[in-house]
There are 2 protein chains.
Amino acid sequence: MVSSKDVAKIAGVSQSTVSRVLNKPDSVKPKTRNIVLHAMQELSYQPNLIARSLVTNSTNTIALITGTLYNGFYVETTTSIINMATSRGYKTMVYFEEAMPLRDVVDSIRGHKLEGLLMSSIKLDDPIFSEIEKSGIPYMLFNRRPAQGGNYVVLDNILAGEMITRHILDLGHKRIAYISGDIHVSTHHERKIGFERVMKEAGLDVQPGMLQIIDTKPQEIEKTTLKLMHLAERPTAIICGSSAIAFSCMDAILSMGLRIPEDISLAGMDNVSMASHHAIQLTTVGNSKFKMGEIAADNLFEMIEQDGTFNRPRQIVLQPELNIRKTTGHLKKF
Amino acid sequence: MVSSKDVAKIAGVSQSTVSRVLNKPDSVKPKTRNIVLHAMQELSYQPNLIARSLVTNSTNTIALITGTLYNGFYVETTTSIINMATSRGYKTMVYFEEAMPLRDVVDSIRGHKLEGLLMSSIKLDDPIFSEIEKSGIPYMLFNRRPAQGGNYVVLDNILAGEMITRHILDLGHKRIAYISGDIHVSTHHERKIGFERVMKEAGLDVQPGMLQIIDTKPQEIEKTTLKLMHLAERPTAIICGSSAIAFSCMDAILSMGLRIPEDISLAGMDNVSMASHHAIQLTTVGNSKFKMGEIAADNLFEMIEQDGTFNRPRQIVLQPELNIRKTTGHLKKF
DNA sequence: TTGAAAGCGCTAACAA
DNA sequence: TTGTTAGCGCTTTCAA
């Protein structure tokens with residue numbers, strides 16, 4: 001391994017001059033600088049960034065803990081985050097939620113002196129949250145938030161649930177099913193609240209079996225959808241707690257030979273790009289004006305750069321918009 | 001920052017004993033070990049992994065340079081790779097192709113002593129390839145390969161192009177358009193060769209304008225599709241060089257109010273999960289039995305672990321299979 | 001079983 | 001403008 005020492009020897013200067021050429025090139029005489037630069041080339045020298053990090057106690061690296069990329073929402077956030085990090089000269093270490101215990105990830109982040117954490121994967125009452133706060137590492141949560149406090153950017157999920165439910169009611173539906181993901185997660189928790197609130201306001205009971213809280217794996221979603229469709233009193237509309245859920249739900253419905261929205265209306269939440277594909281045309285509620293990943297990253301870098309200064313919590317709530325497409329239609333009269 | 005020195009002080013032992021508790025716990029007397037362990041807890045000590053890396057010259061981190069996640073193919077590979085790395089105790093630094101110059105990425109990788117490189121993004125004659133080989137860092141390319149040599153896992157893309165073209169011909173089509181991505185990339189280069197070869201064998205000329213080589217951004221694809229559909233002699237079938245291209249192409253066709261396959265047949269390559277969605281049902285050719293990302297990662301870790309030993313090139317070619325779904329149909333007779 | 005000491009490759013303070 | 005030196009926090013001989 002060629003080190004700055006080797007370069008120094010070849011160039012006939014001290015090792016610290018080599019270091020200076022790298023860090024404060026103006027502080028070294030042009031002639032010497034050139035000699036050093038040439039020596040570096042000759043040896044194809046590459047500074048050991050680990051050693052540098054040890055001294056400077058900085059790594060220019062952030063951590064991203066993300067949900068599965070099979071969910072298009074996380075494709076969008078992951079892409080914006082990595083791109084934004086790259087453009088600021090930061091690298092991104094990517095961890096998947098549930099691939100290893102959150103606590104281990106946080107330890108790894110602390111140990112590697114990563115400079116910030118972006119994470120989608122917190123539960124409402126996750127004990128890791130207080131650990132993260134305690135560790136002092138700058139962080140932004142996105143999509144989900146903890147039960148209280150914290151820095152986050154989220155959708156107004158209660159409102160989102162209300163809006164989509166109202167849309168379905170406006171179409172005349174009454175037997176409405178709702179498929180939700182894990183309720184210990186703020187998105188699903190709040191969206192469901194919105195749904196229930198509007199149903200109640202409309203004087204409608206959510207029939208037993210019509211509210212499904214499930215593991216959001218495609219197979220589970222399909223199983224649940226089939227179960228709903230085989231109910232004696234089949235729903236005339238299904239609202240899904242996310243677009244990813246809605247896609248699998250749609251897949252199952254179509255596989256039965258049913259038509260959407262003629263036989264059943266379907267709506268999702270989150271605005272992922274595939275939702276507007278002409279073969280899908282999924283009615284959703286979400287925010288397309290602002291990219292959640294970019295907002296999260298932006299705020300994180302601000303926090304990193306203003307370093308240490310007192311920070312009040314950053315809590316950003318985006319307003320949902322309704323995107324009425326082709327999967328929801330008027331209830332047919334018989 | 002609490003260091004092993006601090007732990008040592010509290011525990012009343014030397015700093016090297018603290019280190020031993022971490023690395024060779026059996027070599028330290030149980031009683032001492034416990035004292036040290038308690039001291040660690042008390043201070044919530046977290047070893048500085050950067051310092052460790054500096055000494056051991058290892059980081060347990062690999063680099064992934066991937067194409068855009070908006071292409072479902074890279075979602076699959078990225079997911080398998082990160083999961084496989086995690087399960088082996090490695091972390092993954094993710095870089096996007098084209099976000100920064102490849103040379104800078106490679107320098108970053110060398111400087112950070114990352115232990116291996118997985119990359120999808122090489123061009124046929126990319127000069128970076130020889131740099132990577134020269135650097136001695138273990139690597140596996142996937143999806144694409146360089147003009148010659150190298151370690152890679154790819155699809156038999158010529159055969160893939162042949163198979164899909166034959167399928168279209170078998171349906172009676174003669175006016176067939178082909179939309180390809182950058183031809184300096186092995187996948188697109190080879191798939192197009194397969195297409196042209198079969199067309200020639202069938203005695204069919206590829207009419208001017210029917211072979212489109214474009215930038216694979218959704219807008220470009222849509223523009224190109226519209227152009228094709230407005231040709232005086234409109235194609236009766238379109239073959240796309242990837243499923244990602246086919247999705248955008250389908251979007252454009254449907255937006256014109258045309259039906260697939262009644263008005264035009266459409267086929268893609270690569271087997272991404274969305275292709276089998278019932279709202280899409282895209283006919284493709286690809287390999288679903290083996291996960292390219294897993295194979296790439298598997299081989300990389302073998303190379304990392306057998307370290308230094310002579311390695312003949314690893315060149316793995318997967319066999320394509322035809323998945324006939326609902327976007328291709330018989331040419332209508334008039 | 002433990003401690004002392006060297007050194008990984010770099011940055012940065014200080015002196016010249 | 002340059003060199004000398006200390007030290008970042010760890011692992012790893014070597015001696016005791």
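These numbers were taken from a predicted model, which means no experiment stands behind them. Per chain, numbering begins at 1; letters A, B, ... match sequence-line order.
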Which atom pairs link the protein and nucleotides 7-11 of chain D when you take only N or O atoms and keep those under 3.5 Å?
from: D/dC10; atom 1: OP1; to: B/Tyr45; atom 2: OH; distance (Å): 2.6
from: D/dC10; atom 1: OP1; to: B/Asn48; atom 2: N; distance (Å): 2.9
from: D/dC10; atom 1: OP2; to: B/Ser4; atom 2: N; distance (Å): 2.5
from: D/dC10; atom 1: OP2; to: B/Ser4; atom 2: OG; distance (Å): 2.7
from: D/dT11; atom 1: OP1; to: B/Asn23; atom 2: OD1; distance (Å): 3.3
from: D/dT11; atom 1: OP1; to: B/Asn23; atom 2: ND2; distance (Å): 2.9
from: D/dT11; atom 1: OP1; to: B/Arg52; atom 2: NE; distance (Å): 2.8
from: D/dT11; atom 1: OP1; to: B/Arg52; atom 2: NH2; distance (Å): 3.2
from: D/dT11; atom 1: OP2; to: B/Ser19; atom 2: OG; distance (Å): 2.5
from: D/dT11; atom 1: OP2; to: B/Asn23; atom 2: ND2; distance (Å): 3.2
from: D/dT11; atom 1: O4; to: B/Gln15; atom 2: OE1; distance (Å): 3.4

When you measure from the side chain of [X] to the backbone of [Y], do you find a donor-acceptor pair of N or O atoms at a distance under 3.5 Å?
X        : Y        : answer
A/Ser120 : A/Gly67  : yes
A/Asn299 : A/Ile295 : yes
A/Ser53  : A/Ser58  : yes

- Does any non-hydrogen side-chain atom of A/Pro138 lie less than 4.5 Å from one of A/Glu115?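 Side chain of A/Glu115 against side chain of A/Pro138, heavy atoms only: no contact under 4.5 Å found.
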- Taking only N and O in the side chain of A/Thr17, is any of them less than 4.0 Å away from OP1 or OP2 of D/dG3? yes
- Task: Output yes when at least one side-chain N/O atom of A/Ser14 is less than 4.0 Å from OP1 or OP2 of D/dT4, else no.
- Result: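 No, no such contact exists.
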- Among B/Ile81, B/Leu64, B/Thr78, B/Ile82, side-chain contact (heavy atoms from CB on, under 4.5 Å) partner for A/Val94: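 It is B/Ile82, the one option of B/Ile81, B/Leu64, B/Thr78, B/Ile82 that forms the side-chain contact (heavy atoms from CB on, under 4.5 Å) with A/Val94.
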- Looking at every strand, decide which applies to B/Thr32 at a 4.0 Å heavy-atom threshold: base, sugar-phosphate, or nothing.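 The residue B/Thr32 makes sugar-phosphate contact but no base contact.
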- Message: Students often mix this up, so state it plainly: with edges at 30° and 60°, are the rings of A/Phe142 and A/Tyr74 parallel, tilted or perpendicular?
- Response: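 Judged by the thresholds at 30° and 60°, the geometry between A/Phe142 and A/Tyr74 is perpendicular.
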- Fit a plane to each ring of B/Phe129 and B/Tyr139, take the angle between them on a 0 to 90° scale, and name the class: parallel (under 30°), tilted (30 to 60°) or perpendicular (over 60°).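 Ring orientation of B/Phe129 relative to B/Tyr139: perpendicular.
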Between side-chain atoms of residues 12-19 of chain A and protein atoms elsewhere (two or more places apart, or another chain), which donor-acceptor pairs fall under 3.5 Å?
from: A/Ser14; atom 1: OG; to: A/Ser16; atom 2: N; distance (Å): 3.4
from: A/Ser14; atom 1: OG; to: A/Ser16; atom 2: OG; distance (Å): 3.0
from: A/Ser14; atom 1: OG; to: A/Thr17; atom 2: N; distance (Å): 3.4
from: A/Ser14; atom 1: OG; to: A/Thr17; atom 2: OG1; distance (Å): 3.3
from: A/Gln15; atom 1: NE2; to: A/Ser4; atom 2: OG; distance (Å): 3.0
from: A/Ser19; atom 1: OG; to: A/Asn23; atom 2: ND2; distance (Å): 3.3

- Between C1' of C/dG9 and CG of A/Leu43, the distance in whole Å: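 That distance rounds to 15 Å.
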- Axis bend over the full length of the helix from C/dT1-D/dA16 to C/dA16-D/dT1, computed from five pairs that close each end, to 10 degrees: 40°
